[in-house]
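Written out below as structure tokens is the structure these notes cover.
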Amino acid sequence: MESTSNQQMPISGPAKTLSYLEIVLGIVSIVIGLSAIVGAFVGFIMAATGLESAVPAFLLGWPFQALVLIGIGYASVNNGRAMLGYDTYAFSSSFYMDIFLIIVALTIGPLGFLLIGVSLLCIILLFVPAVKAHWYEEFREDMGPRTKEFRYSLHLVRKSPLVVAGIIIVVVIVSIALLAPYITSYGPEERTWTDSSVPPGTVSKVPKFSTLTIYSHNRTDVELYPTIYAGEVDVGPQHLQVLEENPSVYFSVIIQDAGAESDLDVLCVAELYAMDYATFNASTPSERQAALIGTHSRNNTMRTDITVGDQPAKYTWVVWFNATQKTSTWSVDITIQLRYNYWYPVHYWGTDDVGGDIYSRIVWAAKTDLRISVTIVIVAVSMGAVIGAASGYYGGKLDELVMRITDVFFAFPGLILAMAIVMALGERSLDNISLALMVTWWPVYARLVRGQVLAEREKLYVEAARSVGASDSRILFTHIIPNTFQPLIVQATMDTGGVLLTAAGLSYIGFGPPAGVAEWGLMISIGQQYLTIAPWMSLFPGLAILVTALAFNLVGDGIRDILDPKLRRR
Amino acid sequence: MKLRDFILRRILLAIPVVFGVLTMTWFLSYVVGDPLSMYITERTPDAAIPGIIKSHGFDQPLYVQYFLYLRNLLSGDWGVSTSEASDMPVLQVISLRFPATIELAMVAMVFAVVLGIPLGILSATKKDRPIDHVTRVFSLAGVSMPIFWFGLLLKYVFYFQLSVHGLPALPGDYRYDITLWHNLVGDQGYVPITNFMLIDTLLFYHSPVLWWDAILHLTMPGFCLGYLTLAIITRMMRSSMLEVLKEDYITLARSKGLRERVVIYKHALRNALIPTVTVIGLAFGGLLSGAVLTETIFSWPGLGRWAVRAILNSDIAAINGFTLLVALIYVTANLIVDLVYGILDPRIRFG
């Protein structure tokens, strides 16, 4: 579009690859976004008609990010096409878009990693020397005055201990959320009933262990038994690394009547011998008897384990049946497992009333809470930025209307509006809380962006762009909105903390997910009932909220001070 | 622009907002439930129902219903709330519960102002020293504090732990001690007159003991609610103070040899207070609606708790009533702040 950025130079090599990659990335984002929206729609209809949902789980639960994805995808396709036409603006624009896409993709689960991978590849390609030559010089020249300013800001950030602390905490919390499966001993909804309401630091009464399935036999067809099953268990050094308790062989034998007989009477016996399978087969019954280290017998269904020694060795397991009613037809389901590496996890921050480990649940909830607050802010920012920019740019009646609507939203008590929206949506869940908060939060950004756009609209560079015939939407999206980013980012960072607090508050009052889901507000709400006997149940989730919100506020507040020309030190 | 025109313009601008809120509540009442339930409850006799439908126009087309809805609200017929022990007109519930919320908000505001302004000044005058960092973290913690958790924490420490150890504890529930009232006043207990505990106990019951009891009951919820506002005021005070301290007249005052105390308290503080006062005015509206969570934790018989219960019960009349009240307060507070500002600072009027 701009004459300055249109040069008659053939685009080739990696740059061409990059352009096509951008187009592909855009198309993929649009496809994923569309399928998520269609998926949400189909899921909604199926739920309404009482059908089992046939939509894969990874497509559900992020309809709002899907909308943003479609927007980014569209921009990406445009960028790719513009790059083919050699538009330097497109290169820097796709650089920003890729970064934004990565942030959005972080909130949408497994599919997001595909997008993150491709966008990272794009960013790397952008900085490959052959491609860099196309755009970077001009970009740096454009950004020249700003780069200097930016460097100075960075210098101030480094000198401000509070901002540095905030950034470190945010990074730590985000990595904790991403690493949740590796740093917790329990799952988000796992319970250890025998450990209910134990104080912080208690060692669990129930050990955790790794399992290796040695034999599994699941016969549903009707067959006449008895039969003898036998096999070998090889306990190697890799199974003896953690020895808080010796490894054991676990027998699960489930006998079911496959016919009409209801008074099934089958004796099943499990035995473990301290000899390998070959020796076992070659031995006499008395020799076998001498090597027997454990046996269990029960009628019909048996679950038992037999402990073995702490040295590497080979064992033979045997399962056999003695059916008194030879005529009966029955089927059997046998699972033999080696259970090893027994260890007793510590409940670092205690457990809740039903034996859920508080520490693990808080770490898992970090994922949930960060995800919804970032989602809400992203969608509200996108919505608000578009509405506010249009309102400020076109002015007149549209502006007046939008401003009156935002006034109404400001006058409305936010928490009550959010609650009412959740009630109107019917189901109390985190998704509905997100939707409600998106609806209540966008006016803040609409106002902010409108003010910025009003200030930018009259500037010389906009006039210049207009005079070379750039379209309104191009001026708005490639020239004006990038210049309103700074205050928007500060506001969004600070609001992430506020949104987190509000979402947790809604969940605390009872508008969130059902009991049992790992979510900070809900954990406090349940802990409240046990405040006098188990204060740790609500203490730690609250600390988690406080620290997270504080970190976002520290960063936002610090950056605002640094960017504020009035407070800037010279 | 003349002052009169300015005031008129501001008032006219507030009208569409109020209408917007009215329209939105009307819309919400259709989305959340059935607007009929605003006037007809389970306890309404069957015979009266057709009359109510007719008199409130629920048999009319939607757009007529909208205007009838506005008419009813403007004429003071805000429907019947079912969230109280017995069905009660919304305006009556508000008149009963509003004083409790106002009293709480007042105490919270006192905490916020009394602590916030000195902290802000301290932070600004000792900029970038350790005391400034501590104050900033303290005030940022207020913005980042989940208020429901803070309330629980206060209750646990100052009510539960203190009473477990046999120390005098702060009460953490309700507005007054019911047994104390029974012992001192008699079986009928507290009969609201103005419904402001602090006024009633002194003027009508003439009992300092009851007054002190009311104060004690106000302390924890008041501080809990006030912490957020305290944080906002401290931050505002700090940044406006910093701005003022850069002005030329401060340099002049210093260079003519005035003592630092005089410079700060006489020259800087007065000018720095203007934006802070604005924030205080706006925060008061926020306190009233922000009481929702605090009142829930401290079983405070105010509007916030009623609103939560109303939403959980889909009590549309109550939700609408609460929303309208908060919106009106917000608009009025905004208006007053605008006007005061316009009177104080002529640049705004002409800008």
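The structure displayed is predicted, hence computed values, not measured ones. Chain A is the first sequence line, chain B the second, and so forth, proteins listed ahead of strands; every chain is numbered from 1. Quick note: numbers below take in every heavy atom, side chains included, and nothing from hydrogens, waters or symmetry partners.
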Report the option among B/P146, B/A327, B/A14 that has the most heavy-atom pairs separated by less than 4.5 Å from atoms of chain A. B/P146
Would you say the side chain of B/R235 lies within less than 4.5 Å of the side chain of A/D557, judging by non-hydrogen atoms? yes
Select one option (side chain, backbone, both, neither) describing which atoms of B/L153 are under 4.5 Å from chain A's heavy atoms. side chain
Interface check, chain A: of B/I329, B/I297, B/L328, B/L152, most non-hydrogen pairs under 4.5 Å belong to B/L152
dist B/R238:CZ -> B/R136:CZ (nearest 0.5 Å) comes out at 4.5 Å
Taking side chain as everything from C-beta outward and backbone as N, CA, C, O, which of these in B/V331 sits under 4.5 Å from a heavy atom of chain A? Side chain, backbone, both or neither. side chain
Contact part of A/L162 toward chain B, heavy-atom cut-off under 4.5 Å: side chain, backbone, both or neither? side chain
Assess, by modelled atom type and distance only, whether the side chains of A/W441 and A/D495 contain a donor and an acceptor separated by less than 3.5 Å. yes
Using a 4.5 angstrom heavy-atom cutoff, name the option from A/G505, A/G498, A/G497 with the most pairs to chain B. A/G505
So which residue, A/G510, A/G527, A/A504, ends up with the most heavy-atom pairs under 4.5 Å with chain B? A/A504
Geometric class of the B/Y69/B/W26 ring pair [parallel <30°, tilted 30-60°, perpendicular >60°]: tilted
At a heavy-atom separation under 4.5 Å, does A/P161 approach chain B through its side chain, its backbone, both, or neither? side chain
B/Y249, OH: over 12 other non-hydrogen atoms inside 6.0 angstrom: yes
At a 4.5 Å cut-off on heavy atoms, which part of A/L554 comes close to chain B: side chain, backbone, both, or neither? both
Do the ring centers of B/Y227 and B/F138 come within less than 6.0 Å of each other? yes
Toward chain A, the part of B/L312 with a non-hydrogen atom under 4.5 Å: both
Heavy-atom pairs under 4.5 Å with chain B are the metric here; pick the option from A/T532, A/D407, A/I509 that has the most. A/T532
Determine which residues belonging to residues 154-162 of chain B lie within contact range of chain A, meaning some heavy atom pair is under 4.5 Å apart, and list them by number or answer 'none'. B/Y156, B/F160
Would you say that B/L104 contacts B/F298 through its side chain, given a criterion of any heavy-atom pair below 4.5 Å between the two side chains? no
Are any non-hydrogen side-chain atoms of A/I362 and A/M523 less than 4.5 angstrom apart? yes
Apply ring pair (Phe, Tyr, Trp, His ring centres under 6.0 Å) to residues A/F409 and A/W442 and explain how you reach the verdict. CA-CA 9 Å; A/F409 270 93; A/W442 68 268; 5.5 Å; yes
Determine, for B/D315 against B/R309, whether the closest basic-nitrogen to carboxylate-oxygen distance falls under 4.0 angstrom. no
Residue part contacting chain B, namely of A/L539, when any heavy atom lies under 4.5 Å: both
Name the region of B/I311, side chain, backbone, both or neither, that has any atom closer than 4.5 Å to a heavy atom of chain A. both
Nearest 0.5 Å, what's the OG1-CZ distance between B/T101 and B/R305? 11.0 Å
For A/Y359, which of A/W536, A/F540, A/W349 qualifies under ring-ring contact (aromatic ring centres under 6.0 Å, His included)? A/W349
